[in-house]
Amino acid sequence: MATAAVDRDGDGAQKKRKLGGFKTMPFILANDVCDRFATAGFGANMITYLTQQLNLPLVEASNTLTNFSGTSSLTPILGALAADSFAGRFWTIIAGSVFYQLGMLGLVVSALLPSLRPPPCSTPGTPTCRRASGWQLAVLYLSLLCTSLGSGGLRPCVVAFGTDQFDQELEKQQKQGGAEAAEVAAVAEQKRRYFNLYFFTMGIAALLALTVVVYIQDNVGWGWGFGIPAIAMFVSIVVFVVGYPLYVRLKPGGSPFTRLAQVAASAFKKRNAAVPKDPGMLYQNKELDALISTNGRLLHTNQLTFLDRAAIVTAGDISGSGKPDLWRLSTVHRVEELKSIVRILPIWSAGIMVATIDSHNGSFTIMQARTMDRHITRNFEIPPATMSIFTTAALLVTLALYDRLFVPLVRRVTGLPSGITYLQRMAIGLAISILGVATAALVETKRRGVAADHGLLDNPKAIVPLSVFWLVPQFAIHGIAGAFSSVGHMEFLYDQAPESMRSTAAAFFWLASSLGHYMGTVLVTAVQRATRCRGEWLQDNINRGRIDNYYWLVTCLMVLNLGYYLLCFHFYNMKPLEIAAEQGDHGRECELSPLKKNGAGTGGMV
């Protein structure tokens, strides 16, 4: 879908260009594909690099990875702040790509120079092995920090930058007076398909990394194993820059966090003021809100009414020139921005536990696979980290069937264009995640039992006579769950966040991932300390450990998380939005969607 975007040249004359639409997707997605390719390429097998090349203990290596993943998911807040405040999404993506490239080059150097690694060790984890020195770890951590900063520029902006290419079609229809329900639904459908496409392409990137790159790391060398993702990242930067003339590039609307702070400060200063019964008496200023409400202004809601005090006009709030003091007076739209953020936080927080589950998929499950029979043929073994391919494959198949099979079938029952709302989609994903972790616990009990039957409990390097493909169900279920929960989570945050904070909304998605990974570190450390005196669950010799008990603990936490989510889902109200269309000198306003609970009636798209 192409959009006739309007720019102004130096003389003020208007000129139209065809910008945005699906033709920009190859350039936009190529950049993030390479980010994921690089991340999956060294992340999926990094537990092997840390334990066998740098000789770190299992728990320390696992915590290093979860802390790195947490940091990579925390930095998007900084990227979103820069993009929404002053830099814009395009230049934030460029800056993030450059930082990521530097980090990847650091990893390549670390893998190639023997001085940056300890001497090889025949039996990792034994006292005779010399672990990496502080200097060697410093180089590794600095490289990982650069990739984390790079992710901070990429992750919150690529999704929002992609949807910018479609939102402008709706804005054009509004200005032409044609933003009817059908057009709004069509744009919503385009964006829903874009979210599926986004996660699908990410899955393709991970699939390539988990097969090609992991094989090269295990069989050719870590220099090439890190070098190939570094080359891919460089290519992505070039491709993204080539698409520059085609993009819709929205101007940043100023720091959203400043506006939120202004609303909070104004409401606090007027905490003793009486809120008028008529919302029409609250302060409105279309001109002031024009840059941050191009697709429509937020309507007043009767929730969190104490914040409405920020929009009460009192003496001294407006200067003689008519300009408001924004630290004393906010518009209804700005007040509703803060309300929208507060309302989404409970449902957003339910995604934290999903990331906590993800935190052990790159460590404990890989160590399990390393102890199992991985032969496909007599002379070919599948690399342990490649087992994650089943998660990716299940994700891709689920996403491919979602639009073509699931939505048409469910649409007949619900009558919604999207089949189910994104809130319902997330709930299904959370429920499936519980099955995945429970399956992991059962399989680990089976693996450990076979090790005991063959007298291998005290031989951590021995191969347990049990096929590694017993792990396939837990990987596949995890992928199916991600196709529901992750996509639904991202779509919910993007749609329900204020228009001017959509980079921030994407950053919230990654912030949940960050907190989840940090929680994974805390959980692993707490379990290790709590079980140290009575059969340590998590230890380098996983045959003597009880990883299955750890999985059962996580399963119970996931059940509690699902109950918490369903409670938040029951009480959640969708944001109301008002759109304006200009016809000559007259303007009209219509409500795009009435305030509805649980996303009913619009498929969640407002």
Side-chain angles (χ1 to χ4, degrees), residues 80-81 83-86 167 170-171 174-175 179 250-345 495-505 573-582 586-595 606:
L81 181 61
D84 287 338
S85 300
F86 59 89
D167 279 339
L170 178 58
E171 181 183 355
Q174 291 171 9
K175 291 182 178 180
L250 300 181
K251 294 180 180 179
S255 172
F257 295 106
T258 299
R259 292 197 303 276
L260 299 182
Q262 289 170 338
V263 172
S266 301
F268 179 77
K269 291 176 182 177
K270 301 174 183 177
R271 58 189 178 277
N272 296 322
V275 178
K277 294 183 180 180
D278 181 10
M281 298 179 64
L282 298 175
Y283 183 64
Q284 301 269 11
N285 190 323
K286 294 183 180 180
E287 183 178 354
L288 181 64
D289 293 336
L291 191 59
I292 59 174
S293 59
T294 57
N295 287 337
R297 293 180 302 143
L298 293 172
L299 294 170
H300 176 266
T301 62
N302 291 321
Q303 298 171 318
L304 304 171
T305 53
F306 63 92
L307 292 175
D308 289 342
R309 291 179 172 85
I312 298 175
V313 181
T314 60
D317 289 350
I318 301 177
S319 66
S321 62
K323 292 185 178 180
D325 180 352
L326 295 179
W327 289 99
R328 291 178 53 88
L329 181 64
S330 297
T331 64
V332 170
H333 176 83
R334 294 174 183 234
V335 171
E336 292 300 324
E337 282 188 324
L338 180 54
K339 288 185 182 181
S340 295
I341 293 298
V342 173
R343 281 198 301 264
I344 69 176
L345 289 180
D495 187 65
Q496 290 299 294
E499 170 193 335
S500 60
M501 298 183 65
R502 282 174 175 166
S503 293
T504 305
N573 287 324
M574 307 296 285
K575 74 177 184 183
L577 183 68
E578 178 184 70
I579 59 175
E582 298 177 1
H586 302 283
R588 67 177 179 89
E589 295 181 352
C590 63
E591 193 175 343
L592 182 60
S593 174
L595 189 62
V606 182

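All residue numbers refer to positions in the sequence shown, counting from 1. Remember, predicted model here, so these are calculated numbers, not experimental data.
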Considering non-hydrogen atoms only, spot the tightest contact between [X] and [Y] and give its length.
X: I341; Y: L260; value: CG1-CD1, 4.5 Å
X: I312; Y: A273; value: CD1-CB, 4.1 Å
X: K269; Y: W327; value: NZ-O, 3.2 Å
X: P324; Y: L329; value: CB-CD2, 4.1 Å

Any side-chain heavy-atom pair of [X] and [Y] under 4.5 Å:
X: D308; Y: K339; value: yes
X: R309; Y: F268; value: no
X: T301; Y: N573; value: no
X: V342; Y: L338; value: yes
X: R334; Y: L298; value: no

Worksheet item: Can you name the salt bridge (Lys or Arg N to Asp or Glu O under 4.0 Å) partners of D317, sequence neighbours left out?
Response: K270, R328

Worksheet entry | L81 side, atom CG; T258 side, atom OG1 - distance, nearest 0.5 Å |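 It comes to 7.5 Å.
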
Discussion item. To the nearest 0.5 Å, what is the distance between OG on S340 and CE on M574?
Written reply: 10.5 Å

Discussion item. S266: which residues meet the side-chain hydrogen bond (donor to acceptor under 3.5 Å, both in side chains) condition with it, sequence neighbours left out?
Written reply: none

Just distance, no hydrogens or angles: give the donor-acceptor pairs under 3.5 Å from side chains in residues 276-285, sequence neighbours left out.
| from | atom 1 | to | atom 2 | distance (Å) |
| --- | --- | --- | --- | --- |
| D278 | OD1 | G280 | N | 3.0 |
| Y283 | OH | N285 | ND2 | 2.8 |
| Q284 | OE1 | R297 | NH1 | 2.8 |
| N285 | OD1 | E287 | N | 3.3 |
| N285 | OD1 | L288 | N | 2.9 |

Discussion item. Using modelled atom types and a 3.5 Å cut-off, is there a donor and acceptor pairing between side-chain atoms of H333 and backbone atoms of D289?
Written reply: no

Practice prompt. Decide whether Q496 and R343 meet the rule of one side-chain donor and one side-chain acceptor closer than 3.5 Å.
Written response: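 Checked: Q496/R343 side chains show no N/O donor-acceptor pair below 3.5 Å.
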
